[in-house]
Enquirer: 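Pasting a structure here, questions to come.
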Amino acid sequence: MILSKLAQNLIGSEIVKIGNEVNDLKARGEKIANLTIGDLNSNIYPIPGRLREEIFSAYNNNLTNYPPASGLLSLRQSISDDLKNRWNLDYEPAEILVAGGSRPLIYATYRTIVDEGDKVIYPVPSWNNNHYSFLTGADKIEVETSQENNFLPTAAELKPHLKDAVLLALCSPLNPTGTMFTKEQLTEICEMVLEENRSRGENEKPLYLMYDQIYAMLTFGEEHFNPVSLFPELKKYTVFIDGTSKCFAATGVRVGWSFGPAEIISKMQALLTHVGAWAPKPEQQAVSVFLKETENVDAFVNDFKNKISGSLETLHHGIQEMKDRGLAVDSIKPMGALYLTIKMDFLGKSDVAGNVIHNSSDLVFYLIKEAGAAFVPFSAFGNSAQMPWFRASAGGVSLDEINAMLPRLEGALQKLK
Ligand SMILES: Cc1ncc(COP(=O)(O)O)c(C=O)c1O
């Protein structure tokens with residue numbers, strides 16, 4: 001079949017491939033801890049009870065026709081109030097756009113800013129920027145980050161690539177690593193973006209910043225920083241990505257939002273109108289009510305993040321114990337989001353049958369079979385397949401499953417010689 005070049009060149013997701021393997025084995029009755037998915041198991045982590053009640057109530061009240069293209073005004077007002085209370089950020093409803101989860105908003109941000117051939121910069125590992133760059137025909141510049149900086153980019157790493165770039169895509173807490181920007185790190189990057197923009201002419205496209213803070217409420221003790229609170233003059237260049245998916249364990253509820261300069265937000269709205277990527281109206285209404293119940297929101301988020309951080313800490317502790325026992329593993333203390341970053345340096349080793357682990361993907365498939373544990377290699381987030389780092393997500397498994405998996409993992413790794 002001859003289709004568009006875009007359709008023919010779409011890249012499938014490596015995470016989905018691993019997920020399919022896991023599901024096949026599960027269907028055959030095998031015990032497997034699925035640490036791959038950036039989703040929540042909703043039987044372990046249901047959405048907030050009050051949010052559920054309000055969703056039912058909105059359907060009972062027949063809120064089932066088209067929502068306004070920018071989102072219900074009541075929801076945008078609740079978001080505006082929440083941004084002020086939580087982060088001391090000033091955004092009017094006209095500067096806020098609601099959509100069916102955050103993905104359409106990331107796509108709309110790229111589409112609104114990036115012309116074909118424009119330079120887009122993002123750090124790797126990071127989530128899905130490669131796909132959005134492909135969809136917009138961007139000239140993508142992937143900047144490798146390092147373990148020393150918790151895999152968050154530094155100004156020095158980004159600086160050589162800023163000239164002519166139109167978009168810098170950042171995320172904190174970061175998917176896939178569960179690590180966060182320090183104030184100093186983000187400050188230096190912000191200063192650099194401002195300086196770059198000061199050097200550009202009036203008729204030149206500025207360097208815009210996309211700041212994805214969808215995990216901002218899921219932090220385990222560290223403070224979350226954002227560019228506009230640090231430098232109010234960055235407001236005219238920054239588009240935020242945010243929403244309910246992760247912090248309310250509501251990935252299937254599909255209510256996300258962006259906030260940024262009104263002119264950009266209104267173009268994003270016009271674009272998404274044609275895509276029809278609105279959040280369902282009953283869910284919008286429910287979120288607008290729930291967000292105002294600050295005590296309920298905080299109680300839910302605190303309980304939820306304690307459970308997630310408990311699972312991640314258990315995993316981190318287990319890996320550190322294996323490291324102390326001499327295995328070639330390591331992990332970075334979890335700071336936020338749903339993830340733990342794990343190093344398993346076994347490339348070049350062989351299993352008992354003599355099969356060589358050539359790359360990180362080989363190790364993933366070996367561990368699925370031998371340890372009943374599934375991880376995502378950093379190659380799914382833009383790094384080389386020779387990089388021995390992996391993402392473990394705590395959202396799809398219980399603490400008991402993690403505890404039961406750790407000895408299986410150690411046993412399988414010990415067999416590699
Ligand atoms: C960093 C980041 N941004 C955005 C999203 C997308 O969220 P949504 O489910 O609201 O589209 C994800 C989902 O994994 C994510 O990890």
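All figures in this text were calculated on a predicted structure; none of them were measured in a lab. One-based numbering, in listed order, for ligands and for the atoms of each.
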Enquirer: Could you tell me, atom by atom, which parts of ligand 1 come under 4.0 Å of a heavy atom of G101?
Expert: 10 (O), 11 (O)
Enquirer: For the residue pair K235 and Y91, would you count it as a cation-pi contact if the rule is NZ or CZ under 6.0 angstrom from the ring centre and within 45 degrees of the ring axis?
Expert: yes
Enquirer: What I want to know is whether N175 and ligand 1 share at least one N or O pair that is separated by under 3.5 angstrom.
Expert: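 Among all N and O atoms of N175, at least one is under 3.5 Å from an N or O of ligand 1.
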Enquirer: Tell me which protein heavy atom sits closest to atom 6 (C) of ligand 1, plus the residue, atom name and distance to 0.1 Å.
Expert: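 In this structure, atom 6 (C) of ligand 1 has W127 CH2, 3.6 Å as its nearest protein heavy atom.
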Enquirer: Given P153, which of L170, L186, L168, V143 fulfils the side chain to side chain contact (heavy atoms under 4.5 Å, CB included) condition?
Expert: L170
Enquirer: How far is atom 13 (C) of ligand 1 from its nearest protein heavy atom, and which residue and atom is that?
Expert: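 Here the closest protein heavy atom is K246 NZ, 3.0 Å.
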Enquirer: Give the residue and atom name of whichever protein heavy atom lies nearest to atom 3 (N) of ligand 1, and the separation in Å to one decimal.
Expert: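 Here the nearest protein heavy atom works out to D212 OD2, 2.6 Å.
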Enquirer: Which residue and atom name correspond to the protein heavy atom nearest atom 9 (O) of ligand 1, and how close is it?
Expert: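 Residue, atom and distance for the closest contact: R254 NH1, 2.8 Å.
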Enquirer: Please compare A169, S245, G243, S126 and report which has the shortest non-hydrogen distance to atom 10 (O) of ligand 1.
Expert: S245
Enquirer: Going by the angle between their ring planes, with limits at 30° and 60°, are F151 and W389 parallel, tilted or perpendicular?
Expert: perpendicular
Enquirer: Is the backbone of S57 close enough, under 3.5 Å, to the side chain of N61 for a donor and an acceptor to pair up by distance?
Expert: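 A pair under 3.5 Å: yes.
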Enquirer: Under 4.0 Å from any heavy atom of C171, which atoms of ligand 1 are there?
Expert: 1 (C)
Enquirer: Report the C-alpha distance between Y339 and Y215 in whole Å, list the side-chain angles of each, state the deciding distance to 0.1 Å, and finish with yes or no for ring pair (Phe, Tyr, Trp, His ring centres under 6.0 Å).
Expert: CA-CA 11 Å; Y339 313 111; Y215 297 99; 5.6 Å; yes
Enquirer: Which of the numbered atoms in ligand 1 are under 4.0 angstrom from any heavy atom belonging to I214?
Expert: 1 (C), 2 (C), 3 (N), 7 (O), 10 (O)
Enquirer: Do the non-hydrogen side-chain atoms of T177 and I332 ever get within less than 4.5 Å of each other?
Expert: no
Enquirer: Answer yes or no for I241: is there a heavy-atom contact with ligand 1 below 4.0 Å?
Expert: no
Enquirer: Using the ring of each side chain (for Trp, its six-membered ring), is Y211 parallel, tilted or perpendicular to H224, with breaks at 30° and 60°?
Expert: tilted
